[in-house]
Peer 1: 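Submitted below is the structure of interest, expressed as structure tokens.
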There are 2 protein chains.
Amino acid sequence: MSGAEDGATPAASTAPDDSAAPGAPRAAGRRRGRPAGSGAERGPATRERILETARALFAERGYEKTSVRAIARGAEVDQALVHHYFGTKEGLFSAAVAVTAGPVAERIAALGPLDPGRIGEEFTRAFLRVWEDPATRTPLLAVVRSALTHETAARIFREFIAGQLLSRLAGALPAEDAELRTELAAAQLVGTVLLRYVLRIPPLATTDPDTLVRQLAPVVQHHLTGAPLPTG
Amino acid sequence: MSGAEDGATPAASTAPDDSAAPGAPRAAGRRRGRPAGSGAERGPATRERILETARALFAERGYEKTSVRAIARGAEVDQALVHHYFGTKEGLFSAAVAVTAGPVAERIAALGPLDPGRIGEEFTRAFLRVWEDPATRTPLLAVVRSALTHETAARIFREFIAGQLLSRLAGALPAEDAELRTELAAAQLVGTVLLRYVLRIPPLATTDPDTLVRQLAPVVQHHLTGAPLPTG
DNA sequence: TCCAGTATTCATCGCATGATGAATAAATCG
DNA sequence: CGATTTATTCATCATGCGATGAATACTGGA
């Protein structure tokens with residue numbers, strides 16, 4: 001609720017949480033049993049729809065405020081089907097954000113040999129690109145929104161910072177306090193993400209990505225390598 | 001759970017959530033009715049205990065995961081007493097974190113005439129001081145922990161950034177994009193707080209404040225005024 | 001001394017939630 | 001064809017939650 005525009009995720013276009021006519025059947029009036037034409041390639045459609053809805057809702061409201069029922073409603077299936085596929089709410093969350101770790105880590109790995117002179121800009125740009133792309137933003141938002149209160153989300157977050165950033169970036173840097181510097185750079189970027197994508201506070205929330213990179217890259221570079229910043 | 005060391009808040013020393021013997025009375029076996037000796041100065045003691053417990057639990061688990069019942073248990077009172085004093089859970093939260101806005105704003109106001117040449121260091125130092133002091137940290141943590149999922153907390157957070165920082169700091173700066181610069185500086189500090197005090201990821205979480213100020217102040221200064229950073 | 005106010009517990013309601021087990025219908029495989 | 005597996009809904013449970021209203025016991029003022 002209260003959110004401005006909504007992402008680009010098809011199902012659950014803001015608020016599948018309405019009361020759904022008491023006494024009425026759970027799902028969208030569909031008949032019991034396996035539906036006709038659910039074989040082979042059309043198979044994972046429903047499951048995928050549930051995952052997508054879950055991602056959207058977790059991203060919008062965070063773990064605790066998102067109910068399994070709301071997800072089922074948004075995906076237009078019975079609540080029991082969600083449990084059938086994913087076991088527990090926790091399992092659903094893990095499955096929904098599992099898509100996060102892989103692609104993000106890949107994009108970081110794809111940065112290449114990490115030229116120390118341009119590492120600030122390269123990393124800042126790669127970071128913002130994942131957040132600007134709605135497909136990757138949604139699961140990331142789900143993790144971040146939940147990270148302060150839900151242990152699994154917090155773990156994913158921590159492992160990303162510690163595992164991916166600190167080990168990979170700091171490993172490529174010479175200085176003795178490389179880990180601290182890396183984490184301070186991460187703090188700048190995480191803080192930016194928080195104000196821009198999660199809390200959406202203008203003007204940060206409405207600044208174009210290129211401007212952002214221009215402002216942030218030198219700072220990240222400074223944190224990582226101790227390089228001085230240009231005047232202006 | 002999972003937390004490392006715990007704050008300095010007296011009541012509710014991690015986990016008042018145990019099952020409390022089924023069938024047993026709600027509060028700590030106290031007798032019904034007004035207790036003897038609850039007049040004048042001893043008056044606000046219970047109420048204050050509830051608030052303190054609430055702060056501690058909200059700070060530790062966030063709004064949604066903290067139940068009124070757990071707070072009552074931690075403060076060793078009946079749940080109904082909490083409602084008696086604060087009406088709703090929402091009201092309790094507001095009362096618990098009301099202590100935040102005032103002191104923080106005062107400390108920012110107390111920064112004085114804001115010498116543009118030292119604004120980065122002064123502000124960074126003031127910011128960290130509030131977070132290092134356990135008395136002010138607890139309610140701040142309660143707000144931040146809840147800010148991503150709870151509307152009231154988000155509002156407080158937003159109003160702090162927009163109302164206090166952007167209007168006051170940006171107002172003292174000349175540049176045209178002063179608001180964006182201020183928000184980027186805020187992003188650096190907020191991100192630091194998140195990794196250090198909320199998620200507690202080392203080495204940031206264990207670095208001494210002076211070192212932090214040394215690393216952060218020039219960056220904040222750069223964001224705010226465009227000043228170049230020293231080599232190193 | 002009575003009475004209003006206040007601090008406190010007890011008992012209970014209604015609701016939403018996560019989860020489970022059984023029923024049903026189609027797909028798939030032998 | 002018949003058996004098994006898979007996709008789906010229905011009905012239901014137990015739990016924990018926020019909230020309310022009444023009962024009780026003390027304080028303080030008229």
Side-chain angles (χ1 to χ4, degrees), chain A residues 16-50 54 57-58 61-73 75-93 150, chain B residues 16-50 54 57 61 63-73 75-93 150:
Chain A
D17 46 17
D18 81 87
S19 34
R26 266 95 163 152
R30 243 196 317 288
R31 156 167 134 287
R32 214 189 226 192
R34 182 171 191 164
S38 53
E41 287 317 293
R42 195 240 167 191
T46 304
R47 191 189 152 105
E48 206 44 58
R49 190 155 30 97
I50 295 174
L57 289 185
F58 282 137
R61 316 172 180 179
Y63 183 85
E64 356 268 349
K65 282 181 67 171
T66 303
S67 69
V68 174
R69 289 164 137 96
I71 294 171
R73 223 149 33 216
E76 296 183 315
V77 297
D78 189 277
Q79 187 209 170
L81 188 60
V82 179
H83 280 107
H84 168 67
Y85 278 131
F86 305 100
T88 66
K89 182 184 180 184
E90 177 64 36
L92 172 58
F93 182 80
H150 186 60
Chain B
D17 46 17
D18 82 87
S19 35
R26 265 96 165 150
R30 242 195 319 288
R31 157 166 133 287
R32 213 188 227 194
R34 181 171 193 164
S38 52
E41 288 318 292
R42 194 239 168 194
T46 305
R47 191 187 153 106
E48 207 44 57
R49 190 154 30 96
I50 294 174
L57 289 185
R61 315 172 180 179
Y63 184 84
E64 356 269 348
K65 283 181 62 174
T66 303
S67 69
V68 174
R69 289 164 138 93
I71 294 172
R73 224 150 30 218
E76 297 184 313
V77 297
D78 189 277
Q79 186 207 171
L81 188 61
V82 178
H83 284 291
H84 168 67
Y85 277 132
F86 304 101
T88 67
K89 181 185 180 183
E90 178 64 38
L92 171 57
F93 182 80
H150 186 60

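Note on naming: letters A, B, ... go to the chains in the order of the sequence lines (proteins, then strands), and numbering restarts at 1 for each one.
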Peer 1: What is the distance, to the nearest angstrom, from the CG atom on B:Leu81 to the P atom on D:dT20?
Peer 2: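 That distance rounds to 15 Å.
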
Peer 1: Which angle, rounded to 10°, do you find between the first-five-pair axis and the last-five-pair axis of the helix from C:dT1-D:dA30 to C:dG30-D:dC1?
Peer 2: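 For the helix from C:dT1-D:dA30 to C:dG30-D:dC1, the axes at opposite ends meet at about 0°.
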
Peer 1: Atom CG of B:Asp78 and atom C1' of C:dA11: how far apart are they, to the nearest Å?
Peer 2: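 Interatomic distance, CG of B:Asp78 to C1' of C:dA11: 10 Å.
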
Peer 1: Could you state the atom-to-atom distance from CZ of B:Arg61 to C1' of D:dC17 in whole Å?
Peer 2: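 Rounded to whole Å, this separation is 14 Å.
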
Peer 1: Compare the minimum distances between each of D:dT9, D:dA19, C:dA19 and the side chain of B:Lys89, then state the nucleotide with the smallest one.
Peer 2: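 Among the listed nucleotides, the one closest to the side chain of B:Lys89 is D:dA19.
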
Peer 1: Do A:Arg61 side-chain atoms and A:Thr66 backbone N/O form a donor-acceptor pair below 3.5 Å?
Peer 2: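 Pair absent, no side-chain N/O of A:Arg61 close to backbone of A:Thr66.
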
Peer 1: Which atom pair, heavy atoms only, marks the closest approach of B:Glu64 to A:Glu64?
Peer 2: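 Reported closest heavy-atom pair: CG-CG, 4.0 Å.
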
Peer 1: Quick one: A:Ile50 CD1 to D:dT9 C1', roughly how many Å, whole number?
Peer 2: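 Rounded to the whole Å, the gap is 13 Å.
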
Peer 1: Go through the structure and list residues passing salt bridge (Lys or Arg N to Asp or Glu O under 4.0 Å) with A:Glu90, not counting sequence neighbours.
Peer 2: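 Per chain and number, A:Glu90 pairs via salt bridge (Lys or Arg N to Asp or Glu O under 4.0 Å) with no residue.
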
Peer 1: Can you tell me how far C1' of D:dC17 sits from CG of B:Leu57, to the nearest Å?
Peer 2: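 B:Leu57 atom CG is separated from D:dC17 atom C1' by 15 Å.
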
Peer 1: C:dT24 base to A:Arg32 side chain: any donor-acceptor pair below 3.5 Å?
Peer 2: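 Result: no qualifying N/O pair found.
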
Peer 1: Measure across A:Ile50 and A:Ile71 and return the closest heavy-atom pair with its distance rounded to 0.1 Å.
Peer 2: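 What the structure gives for the nearest pair is O-CG2, 4.0 Å.
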
Peer 1: Side chain of A:Gln79 only, heavy atoms from C-beta on: which candidate in C:dT17, C:dT9, C:dA19 is closest?
Peer 2: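 Taking heavy atoms from C-beta onward, the closest nucleotide is C:dA19.
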
Peer 1: Would you kindly give the CZ-to-P distance between B:Arg73 and D:dC17, to the nearest whole Å?
Peer 2: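 Those two atoms, CZ and P, are 7 Å apart.
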
Peer 1: From the options C:dT17, D:dA7, D:dG18, select the nucleotide whose nearest atom is closest to the side chain of A:Ser67.
Peer 2: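 Closest of the options to the side chain of A:Ser67: C:dT17.
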
Peer 1: Mind listing the closest non-hydrogen atom pair of B:His83 and B:Thr88 along with its distance?
Peer 2: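 That closest heavy-atom pairing would be ND1-CA, 4.3 Å.
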
Peer 1: For the pair made of CD in A:Glu90 and C1' in C:dA19, what is the distance, rounded to whole Å?
Peer 2: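 It is 15 Å, rounded to the nearest whole Å.
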
Peer 1: Please pick, from C:dC10, D:dA7, C:dA19, the nucleotide with the shortest atom-to-atom distance to any side-chain atom of B:Ala80.
Peer 2: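 Looking only at side-chain atoms, B:Ala80 lies closest to C:dC10.
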
Peer 1: Report the nucleotide, chosen from D:dT9, D:dT8, C:dA7, that has the shortest atom-to-atom distance to any side-chain atom of A:Thr46.
Peer 2: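 Looking only at side-chain atoms, A:Thr46 lies closest to D:dT8.
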
Peer 1: Partners of B:Ala72 by side-chain contact (heavy atoms from CB on, under 4.5 Å), sequence neighbours excluded?
Peer 2: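 Partners of B:Ala72 under the side-chain contact (heavy atoms from CB on, under 4.5 Å) test: B:Val77, B:Gln79, B:Val82.
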
Peer 1: Counting side-chain heavy atoms from CB outward, which of C:dG18, D:dG18, C:dT8 is closest to B:Arg69?
Peer 2: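 The closest nucleotide is D:dG18.
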
Peer 1: Can you tell me which nucleotide in D:dA7, C:dG18, D:dA19 comes closest to the side chain of B:His83?
Peer 2: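 Of the options given, the side chain of B:His83 lies nearest D:dA19.
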
Peer 1: Given atom CZ of A:Arg49 and atom P of D:dA7, what is their separation to the nearest angstrom?
Peer 2: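 Result: 13 Å.
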
Peer 1: Can the positive tip of B:Lys65 be found less than 6.0 Å from the middle of the six-membered ring of A:Tyr63, inside 45° of the ring normal?
Peer 2: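 Ring-cation test returns no.
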
Peer 1: Between D:dT8, C:dG18, D:dT9, which nucleotide gets closest to the side-chain atoms of A:Tyr85?
Peer 2: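 Closest of the options to the side chain of A:Tyr85: D:dT8.
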
